[in-house]
Amino acid sequence: MRHIAMPANDFALYGAAPRFEKPIPVGQLYFPSFEKYERSMQGIFERQYFNNNGPLLIELERQLREFFHVRHVICVSNATLGLMMLADALQLRGKVITPSFTFIASAQSISQAGLTPVFCDVNIENHHIDIPSLERVIDKDVCAIMGVNLWGGTCDPTAIEQFALQHGLEVYFDSAQALGCRVENKPVGGFGRAEVFSFHATKILTSAEGGCICTNDDEIADRLCGTRPSYGVTTIQPVRRVANARMSEAQAAVALLSLEDFPSNLQNNKSIFEAYQNGLQNIPGLSMLSPVNVSHSNHQYVVCRIDSEIFGLSRDMLVDILRAENILARRYFYPGAHKSTPYFNKSYGTLNNTEILCDTCFQLPIGALISTDSAKRIADLIHDIHRSSSELRAKHKVSQ
Ligand code: T4K
C-alpha cells in the first residue's frame, strides 16, 4: 500500500501488468482431495450403480440430517429445482412474498411453481427482509413468505415465523447461501416449514452441482421424495408433478468429501474474512458487511458497499479496476429481481433500499483460491485505488 496517489497508468485497467497473476473468482471452489475422489469413483464403478438412491446418497442424507439437526434431508440436483419442488409440496396457491434483493432463482422458483412473487424491500443495514418490509406488502392473496438468507448471515427467522403464524401464512427459507450458519447456536436448516440449500461449485459445501431440502415435517418430506421421484417415500402422498431432480452417486461422492472438509474450509474462510476486515478498515466511503443475526457464519461471501461521493469512484468503476487486476469482483444482485426478466415490466411499489444496495454493493473473492495474504493484498489495492481516485476519474473521463 502506498500513501500517495498513483498515476492511473500504474493500474492494469490503463496498461500496467495486473497485480494478481491469475484471475481470482468470487465463490468458494473448495475441491476435495482427488485421491479420495478417485477411491469413491472406483466404488461407484465396482458397484455399477450410478443413480437413484445409491449407497453414497443414502449416507450423505444421513450425515446431513445430523449436520442440520433435522428429521429429513432430501438431496436434489440444484437449489432452484429444490425451491420449486418445495413450493409444490407446500401446496401453495396465490402470492408468495420474497425479497427482490436476491439471486434471480429465488423468484423464478416461485413463478415456476405457478405462483406469483410479491417483492418486498430489505433492511438497508443488514440486506435482509424484516417485519416492517413484510407489513408493507402483505394482502389477502398472500399465502406464504419465502425468507432468503444471504452472504453468511440470515434474516431473523424466529420473528418471521411468528409474523407468519399471526397472519396464517406458510413460511420457508431459501438458505442456498447459508449452509453451516447458526442462529443462537441452532443450525440453519430447521427453521420454518423447510429450508433449501445449494451445493453449487461456488458454495462452501459442494457436490459440483446440487442442493438439498431440510424439513421436520414427515408429510412434506414424503411429497418431496415423491416429486424427486419416488425413492425414499415412506407414505405415498399425492404430488402435483414429478421433477427429475435426482442427485447422482458421483455428486454425492463429492458432497461427502466436501462435508468431511467442511470444518477446515470454514476455518479458512474465517481467517480470510478477518484479514479483509482488518485490511479494509478506514477506507473513506467503503464499508464491509458483518454477518447478521447469526451466532456462527459460514462467511460465504465478502460484501462491501461504496458511497461513491466519499470513496471518489462509482461502484462500477471500482469493480472494473479490480477485474482488470484479476480480482473478479461481482455486483450481485444488480439490477434486482424486480428489474429482471420476466418481472421488469410490472409495478412492485417502492423498493428503495433494494435499489440502493443493487447500485452500491460488490463482492470480493473468498474461499479456496485465496489466502489471508492475498486478502490483505486486495485490501491494499483498494486503499491504493481510493488514494488515486482523482487520477483514475480524470483518466476515465478522457478515455470516454
Ligand atoms: N437462492 C440464492 C440466494 C442463491 O444465491 C442461489 C444461487 C440460488 C437460490 C440457486 O442455487 P442453485 O440452483 O445454483 O443451486 C452463482 C451460482 O451459479 C449460484 O449458485 C449462486 N446462487 C449465485 C449467487 O452465483 P454465477 O453466475 O455468479 O456463478 P458462476 O457460475 O459464474 O461462477 C462464479 C465464478 O466462479 C466464475 O467467475 C467462474 C468461477 N468458477 C465457477 C465454477 C462453477 C470456477 O472457477 N469453477 C467452477 O466450477 O452464479
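Computed from a predicted structure; not experimentally measured. Order of listing sets the numbers, starting from 1, for every ligand and every atom in it.
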Any Ser106 heavy atom less than 4.0 Å to ligand 1: yes
Check ion pair Arg62-Glu66 (N to O, under 4.0 angstrom): yes
Parallel, tilted or perpendicular: ring planes of Tyr301 versus Trp151, cut at 30 and 60 degrees: perpendicular
Nearest neighbour in protein (non-hydrogen) for atom 1 (N) of ligand 1: Asp174 OD2, 2.7 Å
Shortest heavy-atom approach to atom 37 (C) of ligand 1 - which of Ser175, Gly211, Pro25: Pro25
Any N/O pair Ala79/ligand 1 closer than 3.5 Å: yes
Flag: protein heavy atom within less than 4.0 Å of atom 26 (P) of ligand 1: yes
Ser248 and Gln251 side chains, donor-acceptor separation under 3.5 Å: yes
Taking atom 31 (O) of ligand 1 as the reference point, the nearest protein heavy atom with its distance: His200 CE1, 3.8 Å
Exercise: do Thr360 and Arg305 side chains pair donor with acceptor under 3.5 Å: yes
Contact partition for Thr202 relative to ligand 1, non-hydrogen atoms under 4.0 Å: side chain
Residue pair Asp380, Arg19: steps toward the salt bridge (charged side-chain N to carboxylate O under 4.0 Å, His left out) verdict: CA-CA 11 Å; Asp380 287 348; Arg19 279 204 204 182; over 6 Å; no
Top protein contact for atom 49 (O) of ligand 1, by heavy-atom distance: Ala201 CB, 3.7 Å
Subset of ligand 1 atoms that lie under 4.0 Å from at least one heavy atom of Val26: 34 (C), 35 (C), 36 (O)
Taking every non-hydrogen atom, the tightest pair across Phe68 and Cys212: CE1-SG, 3.9 Å
Under 3.5 Å: N/O of Thr80 near N/O of ligand 1: yes
Protein heavy-atom partner closest to atom 28 (O) of ligand 1 - residue, atom, separation in Å: Tyr332 OH, 2.6 Å
Closest protein heavy atom (residue, atom, distance) for atom 21 (C) of ligand 1: Lys203 NZ, 2.9 Å
Nearest-contact summary for atom 32 (O) of ligand 1 - protein heavy atom, Å: Arg330 NH1, 3.7 Å
Ala176: numbered ligand 1 atoms lying under 4.0 Å from its heavy atoms: 1 (N), 2 (C), 4 (C), 6 (C), 8 (C), 9 (C)
Contact (N/O only, under 3.5 Å) between Tyr301 and ligand 1: no
Proximal atoms of ligand 1 relative to Ala105 (non-hydrogen, under 4.0 Å): 10 (C)
Heavy-atom nearest neighbour in the protein, as seen from atom 42 (C) of ligand 1, with distance rounded to 0.1 Å: Leu29 CD2, 4.1 Å
Salt-bridge criterion met for Glu35 and Arg39 (N-O under 4.0 Å): no
Heavy-atom nearest neighbour in the protein, as seen from atom 15 (O) of ligand 1, with distance rounded to 0.1 Å: Ser198 OG, 2.7 Å
Ion pair check, Glu61 and Arg65, cut-off under 4.0 Å: no
Mutual orientation of the aromatic rings belonging to Tyr343 and Phe119 [parallel < 30°, tilted 30-60°, perpendicular > 60°]: perpendicular
Pair Ser133-Asp130, side-chain donor/acceptor within less than 3.5 Å: yes
Closest to atom 50 (O) of ligand 1 among Phe333, Phe199, Phe103, Phe173 (heavy-atom distance): Phe103
Phe197 six-ring centre to Lys203 NZ/CZ under 6.0 Å and within 45° of normal: no
Pairing of Lys36 and Asp261 as salt bridge, 4.0 angstrom limit: no
Contact atoms of ligand 1, heavy-atom distance to Thr102 under 4.0 Å: 3 (C)
